[in-house]
Every structure is written in C-alpha cells, then in structure tokens.
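Below, each value reflects all heavy atoms present in this structure, side chains not excepted, and no hydrogens, waters or symmetry copies. Both counts, for ligands and for their atoms, begin at 1 and track the order of listing.
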Amino acid sequence: MNLEKVRREAEKLRKIILQHNYQYYVLDDPEISDSEYDILFKKLIKIEQEYPKLRTPNSPTQRVGAEPLSEFDEVKHTIPMLSLANAFDEKEMTRFYERLKGELSINNLVFTGEPKFDGLAVSIVYKNANLEISATRGDGYIGENITQNIRTISQVPLTLIGLNIPDELEVRGEVFITNKDFANLNIRQKRENQKIFANPRNAAAGSLRQLDPKITAMRPLSFCAYGIGNYKGGIKLTEHAQVLNQLQHWGLPISSEFRVLKGLDMCLDYYKQIVDKRSQLQYEIDGVVFKVNDFNQQKTLGYVSRSPRWAIAYKFPTPEEITQLIDIEVQVGRTGTITPVARLKSVNVAGANITNATLHNLDEIKRKDIKIGDWVYIRRAGDVIPEVVRVIKERRDNVKEFKMPSKCPICRSDVKRQEGKAAFVCMGGLSCSAQKNQAILHFASRKAMNIDGLGEKIVLQLTEKGLVDDISDLFLLQQNQLSELDRMGDKSAGNIVKALKDCRSTTLAKFIYSLGIPEVGESTARALEIHFRSFSLIQKSSIDELEKISDIGPVVAKNIHSFFTQKNNLSIIKKLISYGIHWNTEKAVKKTNFDGLSFVLTGSLKNISREKSKEILIKLGAKVTSAVSKKTDYLIYGDNPGSKFEKASELEIKKIDEKSFLKMIKKEGVNL
Ligand code: D41
C-alpha cells in the first residue's frame with residue numbers, strides 16, 4: 001500500500017479515537033460500544049506495528065511506553081501553584097464574603113462553586129495542542145516531573161481538540177481515584193499479596209509516585225481540571241466559568257457539579273446541596289471551593305502569602321466518632337522511647353476502621369485527662385494518625401488510671417523518664433528486641449544505607465528466627481534464607497541480596513547516620529564527616545572536642561561519645577567494615593565555602609524550595625537548623641520572613657536574601 005495513504009488512514013483513526021475518548025471520558029456520553037472502540041484501537045495498533053515510522057509520540061496507543069525512571073526530575077512552575085485559604089463554618093464563609101464585598105464595593109458578588117476533590121494537584125502543560133510536560137504541585141514552586149505517569153491517565157487527553165487552541169496552555173487539576181475503582185484496586189492488591197491502601201487519596205498518591213509508568217498504567221487514576229496556569233497565544237479569557245467551559249471544549253474533564261453562584265445565599269445553599277449529595281458522589285471530596293468569577297475582580301483582590309484572596313475552600317467538618325478506650329498499651333521506638341497507644345473498640349471514622357490512636361506521651365494523657373475505660377471522641381484528619389480529641393466525662397464509669405510501666409514490656413529492662421522531657425525510655429538498648437528491630441529498619445532506611453525491600457515484616461521475621469541479631473548480621477544473609485520467609489519469593493530475596501551488596505559503597509555521613517546514635521540526624525552526621533573526615537577520629541573524639549563543632553550541643557556530644565565507648569557497638573562496627581562497607585572521604589567531601597557553617601531558612605522562597613535549599617546546603621557541608629541561635633552563621637530569608645528575621649537582627653546574624661543565596665550556591669557549582 002502507498003505509505004502516504006496509510007499515514008492518512010492512521011491519522012484519521014487517531015482523530016476518531018480522540019473524539020470517542022472525549023465522548024466517553026469527558027462528556028460521559030459514549031457514541032459507540034466498547035467493542036466497536038476496541039476494533040478501531042486494534043486497527044491503529046496494527047498499522048503502527050507494521051509501519052513503526054508512522055507512530056506519533058502522542059498517538060492514543062502511546063500512553064505507556066517510557067522506561068522506568070531512577071528518580072523524578074524537578075520542575076519549576078512558571079506561575080506558582082498557590083494553596084487555598086480555608087473556612088470551617090458558615091461564620092467564616094460569611095466573613096470571607098463580606099470582606100470581598102467591601103473591598104470590591106459590589107453588592108452581589110458572582111462566585112463559582114465546585115467540589116473540592118480529595119486528590120493531588122498537578123499541572124499539565126500543552127504546547128501546540130500536545131501534552132508536553134506534567135508535574136506535581138510540590139511546594140507550589142517546584143514539583144516533580146511525572147509526565148510519564150500522567151500520560152497513562154485515560155481522562156487526560158494527549159492532544160487537545162476543538163477550536164481556538166492556545167499556543168501554550170497549562171491545565172491545573174486534581175488526580176484522584178473513584179470509590180468504586182479504589183475498592184476494586186484493593187481487591188486486586190489483596191489477591192496479589194500487595195499493599196492495601198488506606199484510602200483513595202493514598203492510593204492515588206502512591207500510584208502517581210511510581211517510577212515505572214507501567215505500574216501507574218494499571219492503577220485506575222482519574223483527573224478533573226479546576227483551572228489554568230500559564231496561557232499564551234489564545235483568545236482572551238475573562239472569567240473562571242469561561243475557563244472551565246473552554247477546558248471542557250478542548251477535551252479536558254471538569255466537575256459536573258460546577259455552578260455559577262450569585263451572592264452569599266446562593267453560595268451557602270450550594271454548600272448545603274453538596275453536603276447532601278456527598279455520599280452519592282463517585283469520589284471523595286473534603287469541601288467546596290468558591291472562586292470569584294471575574295478575572296478583573298480577582299486581580300484587584302490579589303494574593304496573600306501563598307493563597308489567592310479571591311478563593312476559599314469551605315471545608316466539611318473533620319469527622320469525629322465516639323468509641324470506648326479499652327486499654328492503653330505502650331510501643332517501644334528505635335532509641336527506646338515509650339509511646340502510649342490507645343486500644344479502641346473498633347470504630348469507623350471517615351471510611352477507615354480505627355482500633356488504635358496515638359496518645360503521644362504521659363503528659364498528654366494527663367492534660368486530656370484520659371483514663372482506661374473512658375468514652376472518647378476520635379478524629380482522623382487526612383493522612384495523620386488518629387488521635388483522641390477529648391474524653392466524655394459524663395459517661396465516665398468504672399475507669400482505671402494509666403500508669404507508665406516501670407519495666408519495658410518487650411525486654412523487661414528498666415523504664416526511666418528522660419531528664420527534663422516528656423519522654424520515658426527503655427534502658428535495654430539493643431538487647432531490647434523492639435529497639436533492635438527499629439534500629440535495623442533505621443539502618444536500612446532510604447536516607448541511611450538505603451537497602452530496598454527490607455521492610456518491617458521482613459525484619460521482624462529475620463530477628464524472630466534468629467537470622468539477624470544486629471545490623472551486621474544482615475550482610476551474612478543468604479538468598480535461600482530470605483526466600484523462605486513469608487511474603488518473599490526468590491526474586492524479592494535476590495533483590496534484597498543485591499541491595500545488601502550494592503549498599504556497601506556509601507558515604508561516611510550516611511554510615512554514621514545509619515548507626516542510629518540518639519539525636520544524630522542527617523545534618524549532624526554530615527557535620528561530623530566534615531569536621532573529622534575520618535571514622536576513627538570520630539570514634540576516638542572526646543566530649544569536649546565534639547562540643548566545639550557548631551550545632552553539636554552537650555547532649556548530642558555525650559550521646560556520640562557514649563555510643564562509641566560501648567563494646568557491643570564497636571564490635572558491630574568492626575564487623576560491618578570487615579563485610580565491605582566503605583566510603584571515600586576525599587571524594588565525598590570537597591571543601592566548600594559553606595563547610596561547617598550553620599544556616600536557618602525563613603519565609604517563602606520563590607525560585608527554589610525550602611527542602612531543596614536544605615539539601616543543597618547539607619551537600620555543601622553546611623548545617624541547617626530550624627531555630628535561630630547564637631550559633632547560627634547565616635539566615636536565608638524569603639517573603640514574609642516573620643519572627644526568625646527579627647531574632648537574627650537582634651543577635652546580629654548575617655542575613656542573605658534569596659537572590660544572593662542563589663548566587664552563592666552557583667559559585668559552588670550548583671546548577672538548579
Ligand atoms: O478540587 C480541588 N481540590 C481544587 C483545588 C479546586 N477545585 N480548585 C482549586 N483552586 C485552586 C486555586 C484557586 C488556587 C487556583 C484547587 C487548588 N487551588 C489547590 N489544590 C491544591 C492546592 C491548591
């Protein structure tokens with residue numbers, strides 16, 4: 001057949017498929033049956049297989065394809081992705097309305113109302129109608145490049161359709177999973193012995209974060225557009241309602257609940273309607289978003305810090321449920337900290353069955369006056385651990401006081417209160433199996449030795465079976481010992497063996513961090529590496545010497561010193577090194593102008609995230625702390641810096657703005 005004719009045929013098929021996708025995914029009104037659609041799709045696949053040259057990057061057949069990534073690249077948002085201010089009740093909503101009415105001197109303000117999807121905000125950029133790049137919201141300024149994963153979502157068109165398509169269009173919206181899809185996903189996960197997701201939002205987040213787009217493609221992600229960011233070379237847009245309409249015409253799904261609302265009463269009425277409708281919706285929402293419709297009015301109102309003053313999320317109340325607190329048990333953490341946990345009569349809070357809630361510490365239990373047997377209110381806000389809100393004193397009857405155990409429930413060692421702190425600690429050290437397991441998990445964690453696949457369930461079995469008694473034993477594990485464990489196949493066992501082999505080449509700082517010395521986090525470990533440059537020098541250092549390092553105080557110095565005087569620790573370290581753990585101090589640490597300096601970050605930075613700044617500073621040998629003190633060398637400040645700025649002025653600490661900071665790191669060869 002004539003190639004040009006085939007090309008035209010493929011092009012025609014793509015157009016037809018695109019239109020049917022639109023009917024199905026955006027308008028929810030398919031014009032052909034699934035099997036008819038399949039025939040068209042298979043026809044296109046066949047042509048593209050026979051003539052690979054005719055395959056276009058954004059052909060509907062090319063949703064999955066890219067190879068797995070090793071990590072996501074960063075993407076700077078051309079226009080920041082702002083957050084939404086909240087209102088929690090009618091009074092706050094009314095106050096918001098009245099304030100805007102006053103500022104604009106208009107009586108009946110026109111708003112738009114849309115449900116607030118409980119998903120993840122993303123940006124999707126189209127250039128000349130083709131999907132070009134997509135990113136997570138991140139901190140609002142810098143997100144992660146998840147283009148490969150967004151492309152797998154059927155509801156996201158790879159090519160825009162319709163008239164007046166702008167040269168450049170950045171669509172903003174939420175990625176989520178419908179309740180039905182979520183239920184089916186968990187059934188499949190269970191059948192395949194995979195992780196069960198706690199709620200649709202977590203499932204969506206986990207799916208978007210996959211490095212392999214083939215996995216994301218198997219997850220039932222949905223998308224709903226709520227606005228635009230960068231926009232170039234198109235017709236003039238003057239209203240939010242117009243934007244959403246246009247987006248729909250260009251092939252993007254928008255909320256079917258979207259309405260234009262005139263005046264406060266209509267807004268409040270709309271909120272009530274959505275509250276009533278909530279349980280019938282196919283997806284989770286956690287409120288209603290109101291936006292001033294007119295762009296000129298939006299412009300007049302402007303922004304405060306990170307949110308537009310012309311929009312508000314009127315949130316649904318956080319669900320609280322009543323149940324009985326049956327018992328209070330304690331959990332032992334990595335460094336022996338004992339955390340009391342409430343065991344509850346099972347109660348369903350916002351779709352999750354809750355049987356435990358954290359009680360933080362003894363002081364918290366006393367402050368809230370919680371006793372065993374009490375009836376309590378339980379709250380679960382978003383992703384956070386459930387907590388006891390308050391006790392219903394009127395229902396109290398036959399309760400028992402909680403007593404902090406004097407012996408560790410796991411190893412029977414003494415439990416002591418830390419001096420001047422709320423925490424109680426098991427004195428058993430690594431002879432306590434709970435601490436041992438946590439220490440192994442810490443050693444294997446991403447920021448430490450990064451041993452992929454060595455999770456809690458595996459570690460528990462390893463220590464219970466006596467295969468691993470301390471972290472050094474990990475390196476003696478054989479593949480057949482691992483593959484015999486529950487939830488393990490030959491392949492996963494092989495992966496762990498490989499991860500154990502690969503992790504041995506590390507940095508001095510990571511190795512120190514992985515040892516789990518109490519209160520020695522990443523940046524202290526890094527400071528030790530920079531100061532001493534040699535493991536044996538750190539090991540031999542005195543408390544005095546340690547305290548001379550900026551940001552190492554007397555407590556941490558004592559912790560480090562005492563860690564290296566314990567025979568057991570020294571013997572484990574010796575073994576680890578004999579099993580091949582090594583680092584190259586010369587290569588890892590290049591002296592920079594930041595070496596050993598202490599930084600504090602404050603205010604919002606525009607061109608770089610706080611997290612990224614911190615990472616760069618640590619890489620350059622600096623230490624980053626959260627509070628300004630006499631030991632602080634520099635304060636880096638952005639917009640609205642607040643009290644840290646004043647404190648730094650008081651202490652006469654050098655202050656650097658964002659621009660100078662970026663210049664300084666550029667000099668060190670850091671390219672953003
Ligand atoms: O449905 C949502 N979750 C939603 C989120 C929405 N319908 N509209 C939104 N509008 C905005 C502004 C007004 C700032 C453009 C949003 C969000 N922002 C948002 N989502 C996550 C952070 C901000």
Side-chain angles (χ1 to χ4, degrees), residues 77-87 93 96 100 109-125 134-144 146 155-156 169-178 199-202 204-205 208 221-231 237 239-248 252-261 267 270-271 274-275 277-278 281-295 297-316 382-383 604 609:
H77 298 299
T78 316
I79 300 171
M81 288 181 82
L82 300 166
S83 55
L84 284 162
N86 291 318
M93 179 62 202
F96 166 77
L100 265 51
L109 274 181
V110 179
F111 279 86
T112 57
E114 47 198 295
K116 184 170 183 296
F117 285 78
D118 196 8
L120 296 114
V122 298
S123 136
I124 309 173
V125 175
S134 176
T136 58
R137 176 172 178 274
D139 62 1
Y141 300 94
I142 293 172
E144 285 181 322
I146 49 157
Q155 280 189 317
V156 174
L169 172 71
E170 180 190 352
V171 179
R172 290 180 174 179
E174 293 266 325
V175 171
F176 62 99
I177 291 184
T178 66
N199 54 54
R201 190 180 187 281
N202 283 1
L208 264 193
L221 295 172
S222 295
F223 177 75
C224 180
Y226 68 65
I228 58 171
N230 206 13
Y231 177 82
L237 299 170
E239 289 178 355
H240 183 59
Q242 183 196 7
V243 165
L244 290 191
N245 255 318
Q246 269 303 338
L247 288 176
Q248 187 174 37
L252 289 143
I254 60 166
S255 170
S256 54
E257 304 304 322
F258 158 72
R259 299 283 182 277
V260 177
L261 310 159
C267 290
Y270 176 77
Y271 176 81
I274 298 292
V275 168
K277 217 172 171 179
R278 188 177 177 192
L281 293 174
Q282 310 291 326
Y283 41 82
E284 298 272 339
I285 60 173
D286 58 354
V288 171
V289 185
F290 293 105
K291 300 174 187 172
V292 168
N293 190 37
D294 185 285
F295 280 1
Q297 291 174 2
Q298 285 188 6
K299 213 169 150 193
T300 310
L301 291 162
Y303 302 81
V304 268
S305 69
R306 292 174 149 231
S307 358
R309 298 178 66 239
W310 43 264
I312 199 152
Y314 186 174
K315 298 283 272 283
F316 299 141
D383 286 341
S604 51
S609 70

_Partners passing side chain to side chain donor-acceptor pair (under 3.5 Å) against Arg137 (at least two apart in sequence or in another chain)_ = none
*Hey, which residues fall under 4.0 Å of ligand 1 on heavy atoms?*
Leu82, Ser83, Leu84, Glu114, Pro115, Lys116, Phe117, Ala121, Arg137, Glu174, Tyr226, Val289, Lys291, Pro308, Trp310, Ala311
*What pairs with Asp294 under salt bridge (charged side-chain N to carboxylate O under 4.0 Å, His left out), at least two apart in sequence or on another chain?*
none
*Over 60° means perpendicular and under 30° means parallel, so classify the ring planes of Tyr303 and Trp310, tilted if in between.*
perpendicular
*Show your reasoning for whether salt bridge (Lys or Arg N to Asp or Glu O under 4.0 Å) applies to Glu170 and Arg172.*
CA-CA 7 Å; Glu170 180 190 352; Arg172 290 180 174 179; 2.9 Å; yes
*salt bridge (charged side-chain N to carboxylate O under 4.0 Å, His left out) with Glu174: which residues, sequence neighbours excluded?*
none
_Could you check whether any side-chain heavy atom of Leu244 comes within less than 4.5 Å of a side-chain heavy atom of Gln248, counting everything from C-beta outward?_
no
